[in-house]
Amino acid sequence: MSFGLRCDRAATWKALQAHYDHTAARFDLREAFASDSGRFDRFSQSAPYVFGDLSKNLIDAQTEDMLLDLARECGLEAHRDAMFAGEHINNTEDRAVMHFLLRTPADDARAQQRNAAELAQVHATLDAMLAWAEKVRGDHTITDVVNIGIGGSDLGPQMAVLALGEFVAPGKRFHFVSNVDGHELDGVLKGLAPEHTLFLIASKTFTTAETMTNAQSAKRWFTQSGGADIARHFAALTTNVDAARSFGIETTFGFWDWVGGRYSLWSAIGLPIALAIGADGFRALLAGAHAMDEHFRTAPLAQNLPVRLGLLDVWYRNFHGFTSRSIAPYHSALKRVPAYLQQLEMESNGKQVDTTGAALDFGTSPVLWGEPGTNGQHAYFQMLHQGTDVTPLEFVAVRDASHHLEGHHAKLLANALAQAQALMVGKSDAGGHKNFPGNRPSTFFVFEKLTPEALGAFLAMYEHRVFTSGALWGINSFDQWGVELGKVLARDIEPRLGSGDASGLDASTAGLLARLRQS
Ligand code: F6P
């Protein structure tokens, strides 16, 4: 597998640096709008189900053209095509990266030609899983579904079930247990009856310590509280079907090593979503994502929403030196989207070496964070408007509300628009502590309605945006070695909490161990 040119080795990289130093560093949004009446149109991009207004960002036509040149020089299109061709672009694990196949229609001629065997497996599993989901949806004795999983086996389904609440059939409650902290599982179990509960054990590897500990405790609780018929009350969602069987679970839905954990909500890991919104709803989610895949795969780079966003991310991180990006969904059902996107972006692109293992001397993943609007406005927006750091902000707004409470939605949307406007225009007539510098960048996404299709398209857009910046940075966005060390050390420390043995530990860890053992 060959990779493209790393961005810092491209001639355009040096040209961009010179462009930044000479002019772009002093770019002013207010002047840009005043001098270009076509700016909104030029920097807006329609894509399936998602409209993105990028015009309030610190870019002009010349900057964007140069970033597009950089993408071409680095071989972005070839790398994208390599992913869609099933090449092993996850080189450190020697795996293909084909989460897009999970949302590819069964009759797609291209996929049938290239990945026929995998596509057939995808649809056989999808059909079986959705048929089972419909059966459980019709079983009114099951009132509570408990998903036990962590990271990619938790954040996606949890976020989507909440986001699509309008489409969730009444009669079932959904619970998500991820933390090894027993308070979480204990709190959920307290309200449950075994005969009315379905546990989904979601783990790609079926080895993750938190999930295995919670699964064992759930099974123990189930039998000790009189539960019978594990086959009916437990299902496993995993690539490691054998381990699930040895655990005693007969109902299993599989997926494959070419689906990364943080890219897995489209697979069997999405079963809670299917249980919540039904087979048709789940297929609509996949269809929305597929439409965005096709946009990413075929639209020219200059009209490609994920590409334009990914290039902007590189511009901000490496030339402006911004270290974080904030996301504010102006829809309370999108509450868990920031947490989901944190894993997607920071686990994918939080890397310090390139695909060959060579150290990078430029920044990669920004810190991604956020809360729904308008709540964030009354908490940390102060810093966004007047702090000393510039943090690009992303708004997500939904045109049509799905409630009928008078006045609320116009107030919500007005706030989103006003915040974006205030960040840009600022206010300098008052001076001192009342001064707003303005020229603070933001991106504004609009969905017409928060449907499964729109959510699927938005999430796929984000996946491909992360792909774009990762490809330019020359990193493998599909491994996560950085999570390993802490797991190994926790295994060493756990028995020491019982024994008190502090031998070989640093003084701080030893001191804290002693404190945590004090009763
Ligand atoms: O520790 C990180 C991680 O490997 C994530 O990448 C993954 O989503 C999560 O743990 C859960 O892994 P699994 O689905 O194998 O339990």
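Numbering of ligands and ligand atoms starts at 1, following listing order.
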Candidate pair Arg325 and Glu394, rule salt bridge (Lys or Arg N to Asp or Glu O under 4.0 Å), full reasoning: CA-CA 8 Å; Arg325 191 167 81 241; Glu394 283 185 3; 3.3 Å; yes
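- One finds a salt bridge joining Arg232 and Asp139 here, because a Lys/Arg side-chain nitrogen approaches an Asp/Glu carboxylate oxygen to under 4.0 Å.
- Side-chain atoms of Ser469 and Asn349, non-hydrogen and from C-beta on, do get closer than 4.5 Å to each other.
- Contact annotation: the side chain of Cys7 approaches that of Phe362 to within less than 4.5 Å [non-hydrogen atoms, C-beta and beyond].
- Listed by chain and number, Ile150, Gly151, Gly152, Ser153, Ser203, Lys204, Thr205, Thr208, Gly261, Gln343, Glu347, Gln480, Val483, Lys487 each place a non-hydrogen atom less than 4.0 angstrom from ligand 1.
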Steps toward side-chain hydrogen bond (donor to acceptor under 3.5 Å, both in side chains) verdict (Asp389, Thr391): CA-CA 6 Å; Asp389 289 309; Thr391 303; over 6 Å; no
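- Figure legend: cation-pi geometry between Arg465 and Tyr462, with NZ or CZ positioned under 6.0 Å from the six-membered ring centre and within 45° of its axis.
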